[in-house]
Amino acid sequence: MHNLEVYNSLKRSKEQFKPIAEGKIGMYVCGPTVYSDVHIGNCRTFVSFDVIYRFLLYLGYKVRYVRNITDVGHLLDDGEDRISKGARKHNLEPMEVVQRYMNGFHKMMDIFNTKKPDIEPRATGHILEQIEMVQAIIDNGLAYEKNGSVYFNTKKYLEEGKAYGELSGRKIDDLLSMTRDDLKNQDEKDHPSDFAIWIKASPDHIMRWNAPWSVGFPGWHLECSVMSTKYLGETFDIHGGGNDLKFPHHENEIAQNVGACNCQPARYWLHTNMLLMNGRKMSKSEDNSITPQELFSGDSKHISQGYHPMALRFFMLQSHYRSTLDLTDDALKAADKGFKRLCDARKTLMSLESSSANGSKDQEIRGILDGAIAEMCDDFNTPKALAKIFELVPIINSYADGKIAADSISQELLASAKKEFEAIYTDVFGLYDPQEEGGGSHDALDKVMRLVLDIRQDARTNKDWDTSDKIRDGLAAAGITVKDGKDGSSWSV
RNA sequence: GGUCGGGUGGCCGAGUGGUUAGGCAGAGGUCUGCAAAACCUUGUACGUCAGUUCGAAUCUGAUCCCGACCUCCA
């Protein structure tokens with residue numbers, strides 16, 4: 001079995017990963033609040049966790065991957081619910097807003113080739129459980145009611161010797177000294193660091209449910225506490241989310257779980273870092289943002305061309321999930337080219353053959369493949385794993401060109417290399433070759449191209465360069481690249 | 001102001017107390033009818049100042065700069 005190490009945000013260090021139940025993993029990842037079109041930054045986070053999920057599966061774990069949809073309770077600065085605001089703005093039912101953006105989110109996740117979570121619970125589907133958890137926290141003396149709203153008592157929590165601020169490295173003194181005058185119902189709180197777990201709805205608030213304290217709605221952090229507990233148990237293995245959720249969201253989530261059942265929700269907390277653009281946080285107001293669609297189409301002043309979703313996925317894999325990733329046109333162009341090279345090498349590898357019983361290169365190749373997996377075991381180090389795989393590229397190409405002797409790779413190793421390369425490329429990295437999209441439907445084109453290249457080859461044999469170049473240039477104009485190799489020509493779109 | 005994370009070659013981006021990251025771009029070469037592709041070779045580096053050390057870009061301290069978070073955020 002592989003020795004997997006993960007960086008635990010809670011401990012601020014890498015730890016050996018040991019699941020609670022042997023062979024099984026419960027993983028909860030904070031999903032999006034569906035109040036607007038999905039942001040490319042969200043995509044990075046969910047692609048990161050997708051690779052983590054995929055790799056855990058690759059290692060043979062049975063994983064239950066839960067990723068929620070937040071469709072209520074997430075307040076804006078002005079105190080208005082994000083979903084309500086969207087509904088009011090577009091004159092829609094809140095659930096219409098939710099459905100629209102949830103659909104868009106799912107579509108985008110498909111475009112980025114992420115695997116679906118095993119359970120995707122929604123906050124509004126768990127109001128009852130949330131009310132129960134509020135009650136449990138009250139019963140444990142860690143929450144108080146004020147005018148129909150219920151607040152978590154952080155001071156009491158600390159006095160009971162429980163750690164508030166552990167995850168985000170915050171001290172209660174700092175939190176207490178902090179003032180934010182514009183917070184809704186700030187005056188109702190006993191302490192500034194307390195937070196709402198049930199909020200009484202104002203008369204014009206659309207989303208509302210009956211609860212013992214008032215007609216209202218749950219606080220933002222509650223749904224994750226509730227749904228992770230419901231589907232993964234009071235304590236589970238991995239909790240993930242974006243770095244920006246550490247505080248207050250995850251900190252409060254922990255407090256709620258501890259407050260309700262006196263147990264830590266997750267053993268390992270994984271946080272992904274932010275996606276920047278041109279060195280800065282993406283921000284619509286500062287004219288420094290780009291949508292996924294714009295990235296695909298190239299229709300943005302920030303980029304010079306469109307990029308395929310898989311090239312973007314590759315771009316994301318080239319950095320570690322805990323590092324910020326700077327999105328620039330130059331970086332995307334480099335990733336795009338590198339990705340194509342990897343795809344070509346993969347295609348070449350699959351066409352290679354060997355009849356040799358043993359090979360002088362076997363050990364080197366074996367080492368590279370094992371090395372890639374070993375890098376993944378080191379806190380899901382995709383850039384290093386990718387670098388390893390790239391070491392294979394010159395070997396593959398040289399072998400195909402006959403620059404490496406045919407008997408230097410054994411039949412057996414070549415077969416397992418194909419299988420393992422494919423497993424890493426497809427199953428772990430979650431990539432596919434854009435040229436193979438629609439797989440197998442290019443039969444007709446394939447035959448046409450074989451004919452065209454055949455004609456061109458005849459022309460070349462007759463040194464009829466005009467015809468040969470005319471074909472090549474004509475195909476190039478149609479977006480088809482011809483590559484002349486030692487054993488004839490090949491083509492790609 | 002508080003907390004955390006960074007500053008690596010032309011651009012991204014890993015990593016490490018002494019040994020090649022990798023990708024893209026650049027240079028030279030091989031191949032080619034010419035190209036492209038491919039292959040080979042190759043340069044450029046660790047913010048600044050001190051300190052620890054036989055040796056630091058890697059550890060420590062100071063300093064400058066950047067980013068994120070501080071109840072909107074993936």
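Keep in mind it's a predicted model, so treat the numbers as computed, not measured. Throughout, protein chains are lettered first and strands after them, A, B, ... in sequence-line order, and every chain is numbered starting at 1. The analysis underlying the following values was restricted to heavy atoms, covering all of them including side chains, and did not include hydrogens, waters or symmetry mates.
Rounded to an integer number of Å, the gap from Met277(A) CE to G67(B) C1' is 15 Å. Straight-line distance from the CE atom of Met274(A) to the P atom of C4(B): 18 Å, rounded to whole Å. Between the P atom of A74(B) and the NE2 atom of His239(A) lies a distance of 13 Å, rounded to the nearest Å. The interatomic distance linking Ile395(A) (CD1) with A38(B) (P) rounds to 16 Å, in whole Å. Regarding Arg346(A), its CZ atom lies at a distance of 17 Å from the P atom of A38(B), rounded to whole Å. Atom-to-atom, CG of Leu276(A) to P of C12(B) comes out at 12 Å; the value is rounded to the nearest Å. Atom C1' of nucleotide U71(B) and atom CD of Glu251(A) are separated by 12 Å, given to the nearest angstrom. Atom C1' of nucleotide A74(B) and atom CG of Asp37(A) are separated by 15 Å, given to the nearest angstrom.
Cation-pi geometry between Arg67(A) and Phe49(A) is not satisfied (NZ or CZ under 6.0 Å from the ring centre, within 45° of the ring normal).
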With a cut-off of 3.5 Å and sequence neighbours excluded, list every side-chain donor-acceptor pair involving residues 466-482 of chain A.
{"unit_1": "Thr467(A)", "atom_1": "OG1", "unit_2": "Asp464(A)", "atom_2": "OD1", "d": "3.1"}
{"unit_1": "Thr467(A)", "atom_1": "OG1", "unit_2": "Asp464(A)", "atom_2": "OD2", "d": "2.5"}

For residues 272-282 of chain A, run the donor-acceptor check on the side chains, cut-off 3.5 Å, and write out each pair with its distance to 0.1 Å, sequence neighbours left out.
{"unit_1": "Thr272(A)", "atom_1": "OG1", "unit_2": "Thr45(A)", "atom_2": "OG1", "d": "3.3"}

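Stem analysis of RNA chain B (Watson-Crick or G-U pairs, both distances under 3.5 Å, runs of at least three) returns B:1-7 with B:64-70, B:10-12 with B:22-24, B:26-30 with B:38-42, B:47-51 with B:59-63.
You'll find that the side chain of Asp326(A) is closest to G13(B), out of A35(B), C11(B), G13(B). Taking the side chain of Lys403(A) as heavy atoms from C-beta on, and the options C39(B), A74(B), C69(B), the nearest nucleotide is C39(B). Of all nucleotides listed (A74(B), C34(B), U71(B)), U71(B) comes nearest to the side chain of Lys189(A). Here C66(B) is the nucleotide among G33(B), C66(B), C39(B) with the atom lying nearest to any side-chain atom of Arg280(A). For Ser468(A), counting side-chain heavy atoms from C-beta on, the closest listed nucleotide (G33(B), A74(B), C39(B)) is G33(B).
Taking the P atoms as reference points, U63(B) lies 43 Å from G26(B), given to the whole Å. Using P as the reference atom, U3(B) and G61(B) are 15 Å apart when rounded to the nearest Å. Remark: the separation of the P atoms in A74(B) and G18(B) is 41 Å, to the nearest Å. Taking atom P on both U58(B) and U48(B), the two are 10 Å apart, rounded to the nearest angstrom. When the P atom is compared between G17(B) and U60(B), the two are found 12 Å apart, to the nearest whole Å. Comparing the same atom, C1', in C31(B) and in C39(B) gives a spacing of 8 Å after rounding to whole Å. Of the C1' atoms belonging to G22(B) and A36(B), the separation is 24 Å, rounded to the nearest Å. Using C1' as the reference atom, C4(B) and U52(B) are 27 Å apart when rounded to the nearest Å.
Here Thr481(A) lies out of heavy-atom contact (under 4.0 Å) with every strand. Across all strands, Leu325(A) comes closer than 4.0 Å only to sugar-phosphate atoms, never to a base (heavy-atom distances). The residue Gly41(A) sits close to a base: some heavy atom pair falls under 4.0 Å.
Side-chain nitrogen and oxygen atoms of Asn397(A) include at least one within less than 4.0 Å of the OP1 or OP2 phosphate oxygen of C39(B).
If you check the side chains of Ser149(A) and Asn147(A), you find no donor sitting under 3.5 Å from an acceptor. Using modelled atom types and a 3.5 Å distance limit, the side chains of Ser225(A) and Glu253(A) yield no donor-acceptor pair.
Two residues, Lys463(A) and Leu275(A), neighbour RNA chain B, and the one matched to the more 5' nucleotide by heavy-atom proximity is Lys463(A). Of the two residues contacting RNA chain B, namely Gly242(A) and Gly279(A), the nearest-nucleotide position lying further toward the 5' end is that of Gly279(A).
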Quiz prompt | Where protein sits on nucleotides 15-28 of chain B, one letter per nucleotide: B base, S sugar-phosphate only, - none, heavy atoms under 4.0 Å | solution = S-----BSBSS---
Quiz item: Should His221(A) and Phe195(A) be marked as a ring pair (Phe, Tyr, Trp, His ring centres under 6.0 Å) after you check the CA-CA gap, both sets of side-chain angles, and the distance that decides it?
Solution: CA-CA 9 Å; His221(A) 319 297; Phe195(A) 56 92; 5.7 Å; yes
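Note on ring orientation: taking the six-membered ring where Trp is involved, the planes of Phe339(A) and Tyr425(A) are parallel (angle under 30°, cut-offs 30° and 60°).
By the side-chain hydrogen bond (donor to acceptor under 3.5 Å, both in side chains) test, Glu375(A) is found to be paired with no residue, residues two or more places apart in sequence or in another chain being considered. The side-chain hydrogen bond (donor to acceptor under 3.5 Å, both in side chains) check on Asn103(A) picks up Gln99(A), with sequence neighbours excluded. Scored by the side-chain hydrogen bond (donor to acceptor under 3.5 Å, both in side chains) test, Tyr144(A) finds Asp194(A) as partners (sequence neighbours excluded). In this structure Ala331(A) satisfies the side-chain contact (heavy atoms from CB on, under 4.5 Å) test together with Phe315(A), Thr328(A), sequence neighbours excluded. Applying the side-chain contact (heavy atoms from CB on, under 4.5 Å) rule to Thr426(A) yields the partners Arg346(A), Glu422(A); only residues at least two apart in sequence or on another chain are considered. Residues forming a side-chain hydrogen bond (donor to acceptor under 3.5 Å, both in side chains) with Gln293(A) (at least two apart in sequence, or on another chain): none.
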Report all interatomic pairs (protein N or O, nucleotide N or O of nucleotides 6-8 of chain B) with separations under 3.5 Å.
none

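Contacts classified as salt bridge (Lys or Arg N to Asp or Glu O under 4.0 Å) and involving residues 103-112 of chain A (residues at least two apart or in different chains) are given here: Asp110(A)-Lys116(A).
Stacking between Phe46(A) and A74(B) is absent: the aromatic ring centre is not both under 5.5 angstrom from the base six-membered ring centre and within 30 degrees in plane angle.
At a cut-off of 3.5 angstrom, counting only N and O atoms as typed in the model, there is no donor on one side facing an acceptor on the other between the side-chain of Arg472(A) and the base of A36(B).
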